[in-house]
Every structure is written in structure tokens, then in C-alpha cells.
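Okay, so here's the structure we're looking at.
Quick caveat, the model's predicted, so the values are computed rather than measured.
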Amino acid sequence: MMSPLSLLSLSRRALLASTLFILWPALGLAAPGAGELPKEIRIGFQKSSVNLTLLKHRHALEQQLKDVKVSWFEFTAGPQMLEALSVGSIDFATTGEPPPIFAQSAGSNLVYVGAEPAKPGVSAILVKPESPIRTLADLKGKKIAFQKGSSAHYHVLRAVQQAGLQWTDITPVYLAPADARAAFERGSVDVWAIWDPYWAAIEQNTPVRVVATGKGLVNNLSHYLSSRSFADRYPKVIQLLFEELTRSDSFVQKNRDEAVAIIAASTGLDKPTIASFLERRPRSPVVYLTQNIIDEQQRVADNFYQQKLIPKAVNVRDAVWLPPAAKIAVNQ
């Protein structure tokens with residue numbers, strides 16, 4: 001598996017793709033239909049979607065797309081969000097690495113349109129302080145709660161593999177974050193695999209011990225997804241979203257206290273929880289997919305298929321959408 005550091009360092013092709021993204025408007029690089037706008041754009045987000053949460057608060061889309069209705073829908077996790085995307089209930093969404101793999105394997109027509117850099121430090125495998133589980137090898141025979149098809153699912157898979165165990169050596173308990181936390185707190189499961197801000201939230205009022213974060217196990221890239229028909233018809237909107245999402249990330253970096261207050265108000269979580277979450281989160285500008293990102297996502301997909309955790313193999317590239325300028329850059 002490619003290390004987080006290697007993913008964070010842009011190759012020449014990736015740098016060219018990112019440069020073209022930034023310079024696209026100035027160079028006059030436009031896709032067919034670039035001037036067309038939808039009547040409405042429906043955006044899915046979750047509590048971990050920092051850039052989208054700030055974008056929603058800033059009203060930047062509403063200000064620039066005055067004739068377009070912008071609707072926002074919150075989901076508990078990526079799999080639920082992509083189910084909505086697959087049936088046409090939303091147009092744009094963001095998740096971790098596994099949800100689109102599970103969706104593609106199930107026959108969904110979604111496409112990857114962009115990504116944020118690796119965030120290996122924002123997920124954790126948690127136990128109670130008195131738990132006998134000290135190492136990844138101690139996961140053998142234990143009940144582990146996590147959202148099926150989420151980034152936590154892959155975190156657990158990689159932890160099991162790192163320990164030299166088989167998937168059948170553990171008992172997965174598939175629960176959405178809130179239900180998983182309840183099961184963990186009452187002792188119905190031995191372990192909870194989760195991501196921020198849910199991890200940060202439980203740390204604030206419940207004693208927990210971290211067996212392993214994602215560091216050295218998973219990269220935790222965030223992917224932006226849409227339907228192919230929406231991306232093909234409205235590339236100008238995709239470009240604008242990426243520009244404004246990257247501005248949202250800059251806002252987080254430069255105005256941390258204000259960002260904490262905004263995200264806390266939006267998520268209903270307290271400020272110490274959000275501050276802890278953002279402290280672990282690296283800079284997260286949004287770019288079109290590069291060859292490195294595609295290759296890494298394919299490795300995740302292949303791992304799930306080899307473990308028979310998805311019904312059929314997927315070719316990630318089949319679901320990658322790129323504007324013409326980025327296609328040229330990635331293929332060089």
C-alpha cells in the first residue's frame with residue numbers, strides 16, 4: 001500500500017493536473033456545456049465534511065449561482081449518502097474510500113469527480129481503558145462495531161491483515177455510528193472502529209483507549225462523487241464547487257476559532273470536540289483525481305474483493321470523471 005507521505009507528495013503528472021485546475025478559467029479551458037447551469041443542485045454531506053459544512057455556512061454557491069437552488073442534505077455516513085446519490089436523490093456527495101467501491105460493485109452509476117488528500121490520523125480503533133486488547137493481534141475473537149462499507153470497514157480490514165489474522169478471526173458488527181457508540185458503551189461489542197468527529201466526541205465524556213489510528217494502516221482519502229450525467233452536463237458547477245471547497249479549507253486553516261464555532265453549531269457537537277477533530281485534520285484542498293489517487297483507490301477495491309467483502313471486482317477507472325484538461329494531464 002502506498003504510504004500517506006507518498007500520496008501527499010504530488011508527482012509531475014499530478015502537479016500538472018492541479019495546475020491546470022487552478023489555471024483553467026484563466027486559460028479559457030472550457031468543457032462542452034460548461035456554460036449550462038442546473039435548476040437545482042442537491043448536496044449530500046455528513047458531520048465529517050468540513051469543507052462542505054463551511055461552504056454551506058458561507059453561502060458561496062448561492063451567491064455565485066443566483067438562479068440555481070442549492071439544497072443541502074445531511075447523512076450519518078458515506079454508504080447512506082451514496083445510496084441517495086445512486087437513486088438520484090442528490091447530485092453531489094463526499095465520502096471516504098470504501099463507500100464508492102461498495103456502490104460501484106453493486107452496480108451504481110456514480111462517478112468520482114475529485115478528492116482531498118490523505119487523512120490517516122482522523123480514524124481510530126477504540127476499546128475501553130480496562131480492555132485486555134493491547135495490540136492488533138488481540139482483536140482475534142472479538143466483536144468489532146463499525147459502519148459497513150465505510151472507511152472504518154477498511155481500517156478494520158487492514159488492522160486484521162497487519163496482525164496476521166484472517167477476516168474470519170473477528171466478528172464484525174455492522175452498525176451506524178450512533179448505534180455503534182451505544183453498543184460500545186453498554187459493552188455489547190469489544191471494539192469500535194470510527195472516524196472523526198465521532199471519535200473526538202466520545203473522547204470528551206467517555207474514557208476510551210486507542211489501539212490504533214489509521215496511521216500506517218489506511219490513507220483515508222476523501223472522495224467527491226456525482227452522477228455521470230450531472231458531471232458531464234455541468235462541469236462548470238463541478239469546477240466552482242472545487243474552487244469554493246478549497247477556499248473553505250483555507251478558511252479552516254486561517255480562522256480556526258471561527259471555523260470551530262461554525263462547525264460546532266452546524267453539527268450540534270461541542271467546540272472542544274470540533275477543535276480536537278480539526279487538530280487531527282490536515283490541510284484538505286480539493287483536486288481532480290490524479291493517477292496516484294486512482295491507483296490507490298484500486299488497491300483498496302482489490303483488497304475488499306480478494307476478501308470477498310464486495311460481490312464483484314470493480315475497475316475504479318471506469319467510474320472516474322475528469323474534465324478535458326485534467327484528462328490530458330493525467331494521461332501524460
Before giving the answer on side-chain contact (heavy atoms from CB on, under 4.5 Å), spell out for Val208 and Phe184 the whole-Å C-alpha distance, their side-chain angles and the decisive distance to 0.1 Å. CA-CA 10 Å; Val208 295; Phe184 177 72; 3.8 Å; yes
Is the backbone of [Y] close enough, under 3.5 Å, to the side chain of [X] for a donor and an acceptor to pair up by distance?
{"X": "Lys66", "Y": "Gln63", "answer": "yes"}
{"X": "Asn51", "Y": "Ser284", "answer": "yes"}
{"X": "Ser276", "Y": "Pro272", "answer": "no"}
{"X": "Arg228", "Y": "Asn109", "answer": "no"}
{"X": "Asp138", "Y": "Thr135", "answer": "yes"}
{"X": "Arg58", "Y": "Glu244", "answer": "yes"}
{"X": "Ser105", "Y": "Ile101", "answer": "no"}
{"X": "Lys47", "Y": "Thr267", "answer": "yes"}
{"X": "Asp169", "Y": "Gln166", "answer": "yes"}

Could you tell me whether [X] and [Y] have a side-chain N and a carboxylate O separated by less than 4.0 Å?
{"X": "Arg281", "Y": "Asp249", "value": "yes"}
{"X": "Asp91", "Y": "Arg42", "value": "yes"}
{"X": "Glu203", "Y": "Arg280", "value": "yes"}

State which residues pass ring pair (Phe, Tyr, Trp, His ring centres under 6.0 Å) with Tyr305; sequence neighbours excluded, sorted by chain then number. none
Got a sec, which residues hit ring pair (Phe, Tyr, Trp, His ring centres under 6.0 Å) with His223, two or more places apart in sequence or on another chain? Tyr112
So how far is it from [X] [atom1] to [Y] [atom2], rounded to the nearest 0.5 Å?
{"X": "Leu85", "Y": "Ile43", "atom1": "CG", "atom2": "CD1", "answer": "12.0 Å"}
{"X": "Ile125", "Y": "Trp199", "atom1": "CD1", "atom2": "CH2", "answer": "10.5 Å"}
{"X": "Lys128", "Y": "Arg209", "atom1": "NZ", "atom2": "CZ", "answer": "12.5 Å"}
{"X": "Leu139", "Y": "Arg134", "atom1": "CG", "atom2": "CZ", "answer": "13.0 Å"}
{"X": "Leu54", "Y": "Ser266", "atom1": "CG", "atom2": "OG", "answer": "9.0 Å"}
{"X": "Asp302", "Y": "Asn315", "atom1": "CG", "atom2": "CG", "answer": "9.0 Å"}

Quick check: is [Y] connected to [X] through a chain of hydrophobic side chains (ILVMFWY, heavy atoms under 4.5 Å apart)?
{"X": "Val156", "Y": "Leu217", "value": "yes"}
{"X": "Val70", "Y": "Leu37", "value": "yes"}
{"X": "Ile41", "Y": "Trp321", "value": "yes"}
{"X": "Phe75", "Y": "Leu110", "value": "yes"}
{"X": "Leu55", "Y": "Ile263", "value": "no"}

Of the non-hydrogen atoms in [X] and [Y], which two are nearest, and what is the gap between them?
{"X": "Ile238", "Y": "Ala231", "result": "CG1-CA, 4.3 Å"}
{"X": "Trp72", "Y": "Leu52", "result": "CZ3-O, 3.7 Å"}
{"X": "Ala259", "Y": "Leu278", "result": "CB-CD1, 4.5 Å"}
{"X": "Ala212", "Y": "Leu136", "result": "CB-CD2, 3.9 Å"}
{"X": "Ala77", "Y": "Pro177", "result": "CB-CD, 4.5 Å"}
{"X": "Ser151", "Y": "Asn220", "result": "CB-OD1, 4.0 Å"}

Using the benzene-type ring in the case of Trp, are the ring centres of [X] and [Y] under 6.0 Å apart?
{"X": "Phe73", "Y": "Phe45", "answer": "no"}
{"X": "His153", "Y": "Phe102", "answer": "yes"}
{"X": "Tyr288", "Y": "Phe242", "answer": "yes"}

Stepwise side-chain hydrogen bond (donor to acceptor under 3.5 Å, both in side chains) check, Gln46 with Gln80: CA-CA 10 Å; Gln46 52 185 313; Gln80 293 89 330; over 6 Å; no
Do [X] and [Y] come close enough that some side-chain heavy atom pair is under 4.5 Å?
{"X": "Leu165", "Y": "Gln161", "answer": "no"}
{"X": "Phe92", "Y": "Val237", "answer": "no"}
{"X": "Pro117", "Y": "Pro285", "answer": "yes"}
{"X": "Ser248", "Y": "Val50", "answer": "no"}

Any chance you could lay out the side-chain contact (heavy atoms from CB on, under 4.5 Å) test for Trp192 and Leu175, step after step, and finish with the verdict? CA-CA 10 Å; Trp192 183 26; Leu175 295 170; over 6 Å; no
With side chain to side chain donor-acceptor pair (under 3.5 Å) as the test, pick out the partner of Asn219 among Glu296, Lys119, Arg299. Glu296
Name of the residue among Gln298, Gln297, Gln291 meeting side chain to side chain donor-acceptor pair (under 3.5 Å) with Arg317: Gln291
So which of Val127, Ile144, Leu126 actually passes side-chain contact (heavy atoms from CB on, under 4.5 Å) with Ile133? Val127
With Leu225, the side-chain contact (heavy atoms from CB on, under 4.5 Å) member among Leu82, Val111, Val113, Thr94: Leu82
Does CD in Glu40 sit with more than 12 non-hydrogen atoms of other residues, nucleotides or ligands closer than 6.0 Å? yes
For Lys143, does the NZ atom have more than 12 heavy-atom neighbours from other residues, nucleotides or ligands under 6.0 Å away? no
Between Gln104 and Asp318, is the side-chain contact (heavy atoms from CB on, under 4.5 Å) condition met? List the steps. CA-CA 9 Å; Gln104 189 180 359; Asp318 290 344; 4.1 Å; yes
For Arg158 and Asn303, what are the C-alpha separation, side-chain angles and deciding distance, and is it a side-chain contact (heavy atoms from CB on, under 4.5 Å)? CA-CA 9 Å; Arg158 289 291 302 125; Asn303 199 347; 3.8 Å; yes
